[in-house]
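Comments concern the structure below.
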Amino acid sequence: MKLSPRLLAMYGQIGKGERVADIGTDHAYIPILLMKNGISPMVIMSDISAGSMKKAKGNCIEQGFVFPASCFRVGDGLSTILPGEVDTVVIGGLGGRTIAGILAADQKRTNSFRKLVLQPRNNSGELRLYLHLTGWRIARETLAPEGKFICEIIKALAPEKGNEFFPEFSGEDGLVRLLEEGRNCRWRYPEPFRELPPDQKRLLQKRLDWKFESIRQEIENLGRSTGDWNDRIAELEEEREYLTWIGEN
């Protein structure tokens, strides 16, 4: 069984002895590798899809593992995991806003776990803002390639007692409004990116090059448009200056 660099990077955030719940497990690749290498004493594979759970069970058997039925759970988000039942929750392959919604659906339950390993497909800035607003501390940022994409993996540690926060919002629209600031480039390209190791810094530079080209094209298009776009152009130039600083060695 061969894992992609993205899944390996997620796997690498989990320490020996940690009990793990993989939410949206699909093929159960990470839980299988954790058990195969003796990293985790217990894993829970959870998915909203019964079809995905069938695939997970089949892969486990194929790899020589027969787990008790209680390790396979079909349900939405964290609803299948008891408070404090595991040390680490893994969620990958979903949008950052969706992941934030899963965690926010029961903040007390979320805070009962010690670590989150999150891999947002998009809206990573909004997810980082959510973690900040709820007192979770981002301990590590990692980049990993997958096909033509460069994926972000966020490892976050639970807030200390007394430092938990429970933001108030109503429904999905309320969450979107709460996390609106997360669209700012300072949340999407956080300062710790400056400290990435050289191999990941090269991945970051690829993302930055694409972003610089996007900014250049927008400024060029605005310059040809009628109307007063000076404020927007100034915002884009400020963003480009910040991103240049992020990419410096």
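- Contact annotation: the side chain of Gln13 approaches that of Thr142 to within less than 4.5 Å [non-hydrogen atoms, C-beta and beyond].
- Between the side chains of Asn221 and Gln217, no donor N or O sits under 3.5 Å from an acceptor N or O.
- Inter-residue side-chain proximity for Thr25 and Met53 is flagged as met; some heavy-atom pair is nearer than 4.5 Å.
- You'll find the side chain of Arg137 stays beyond 4.5 Å of the side chain of Pro159, heavy atoms only.
- At distances below 3.5 Å, at least one donor-acceptor pair connects side-chain atoms of Asp47 with backbone N or O atoms of Asp26.
- Classification of Lys115 and Asp87 as a salt-bridged pair fails, no side-chain N sitting under 4.0 Å from a carboxylate O.
- We find the CG-OH distance between Leu204 and Tyr189 to be 8.0 Å, quoted to the nearest 0.5 Å.
- The line from CZ of Arg207 to CG of Leu143 is 6.5 Å long, rounded to the nearest 0.5 Å.
- Residues Leu7 and Leu33 have side chains not in contact (no heavy-atom distance under 4.5 Å, counting atoms from C-beta outward).
- Checked by atom type and distance alone, the side chain of Asn184 pairs as donor or acceptor with a backbone atom of Arg186 at under 3.5 Å.
- Under a 4.5 Å side-chain heavy-atom criterion applied to ILVMFWY residues, the cluster that includes Val66 comprises that residue alone.
- Residues Phe193 and Gln200 are not in side-chain contact: their nearest non-hydrogen atoms beyond the backbone lie 4.5 Å or more apart.
- Ion pairing between Glu146 and Arg121 holds under the 4.0 Å rule for side-chain N and carboxylate O.
- Other residues, nucleotides and ligands place no more than 12 heavy atoms under 6.0 Å from the CD atom of Glu160.
- Under the 4.5 Å side-chain criterion, counting only non-hydrogen atoms from C-beta, Leu118 is in contact with Leu103.
- Ion pairing between Glu239 and Lys211 holds under the 4.0 Å rule for side-chain N and carboxylate O.
- To the nearest 0.5 Å, atoms CD1 (Ile23) and CG (Leu78) are separated by 5.0 Å.
- Counting heavy atoms from C-beta outward, Cys60 and Phe72 have side chains that approach closer than 4.5 Å.
- Looking only at distances, no side-chain donor or acceptor of Lys155 sits under 3.5 Å from a matching main-chain atom of Leu116.
- Cluster membership check: Leu236 shares its hydrophobic cluster with Trp245, using side-chain heavy-atom separations under 4.5 Å among Ile, Leu, Val, Met, Phe, Trp and Tyr.
- Qualifying side chain to side chain donor-acceptor pair (under 3.5 Å) partners for Glu235, counting only residues two or more places apart in sequence or in other chains: Arg232.
- Checking side-chain atoms of Ser40 against main-chain N and O of Val43 turns up no donor-acceptor pair under 3.5 Å.
- No more than 12 heavy atoms of other residues, nucleotides or ligands sit less than 6.0 Å from atom CG of Asp231.
- Just one of Arg188, Arg6, Arg128 meets the salt bridge (charged side-chain N to carboxylate O under 4.0 Å, His left out) condition when paired with Glu152; it is Arg128.
- Using modelled atom types, no side-chain atom of Ser214 and backbone atom of Trp210 make a donor-acceptor pair closer than 3.5 Å.
- Between the Gln119 side chain and the Gly93 main chain, a donor and an acceptor come within less than 3.5 Å of each other.
- Of all heavy-atom pairs spanning Leu203 and Pro145, the tightest one is CD1-CD, 3.8 Å.
- Criterion: ILVMFWY side-chain heavy atoms under 4.5 Å apart, direct or through other members. Under it, Ile14 and Trp136 are not part of a common hydrophobic cluster.
- Atom CG of Asn230 and atom CD of Glu237 lie 9.5 Å apart (nearest 0.5 Å).
- Using a 4.0 Å cut-off between charged side-chain N and carboxylate O, Glu180 and Arg177 make no salt bridge.
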side-chain contact (heavy atoms from CB on, under 4.5 Å) between Lys206 and Ile150, intermediate numbers included: CA-CA 9 Å; Lys206 288 183 179 180; Ile150 297 170; 3.7 Å; yes

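- Taking CG from Asn122 and CZ from Phe149, the interatomic distance works out to 10.5 Å, rounded to the nearest 0.5 Å.
- Evaluated for a salt bridge (charged side-chain N to carboxylate O under 4.0 Å, His left out) with Glu85, the options Arg73, Arg114, Arg109 yield exactly one hit, Arg73.
- With sequence neighbours excluded, no residue forms a salt bridge (charged side-chain N to carboxylate O under 4.0 Å, His left out) with Glu62.
- Side chains of Gln107 and Asn111: a donor-acceptor N/O pair is present below 3.5 angstrom, by distance only.
- Trp187 and His132 have tilted rings, their planes meeting at an angle from 30° to 60° on a 0 to 90° scale.
- Checked by atom type and distance alone, the side chain of Asn123 never pairs as donor or acceptor with a backbone atom of Gly95 at under 3.5 Å.
- Asp22 places no side-chain N or O within 3.5 Å of a backbone atom of Pro31 that could act as its donor or acceptor partner.
- For the atom pair CD1 (Ile246) and NZ (Lys201), the distance works out to 8.0 Å, reported to the nearest 0.5 Å.
- Looking only at side-chain heavy atoms (C-beta outward), Arg216 and Glu213 come within less than 4.5 Å of each other.
- When the side chains of ILVMFWY residues are joined at heavy-atom separations under 4.5 Å, either directly or via intervening members, Ile30 and Ile102 end up in two distinct hydrophobic clusters.
- Checked by atom type and distance alone, the side chain of Glu18 pairs as donor or acceptor with a backbone atom of Gly15 at under 3.5 Å.
- Using modelled atom types, one side-chain atom of Ser112 and one backbone atom of Gly84 make a donor-acceptor pair closer than 3.5 Å.
- Checked against Val20 for a side-chain contact (heavy atoms from CB on, under 4.5 Å), the options Val86, Val117, Val90 give a single hit: Val90.
- The hydrophobic clustering, which links ILVMFWY residues whose side-chain heavy atoms are closer than 4.5 Å, places Met42 and Phe65 apart.
- Taking the ring centre of Phe212 as origin, the terminal cationic atom of Arg240 falls outside the region bounded by 6.0 Å and 45° from the ring axis.
- A continuous path of Ile, Leu, Val, Met, Phe, Trp and Tyr side chains, each step under 4.5 Å between heavy atoms, connects Ile138 with Phe113, placing both in one hydrophobic cluster.
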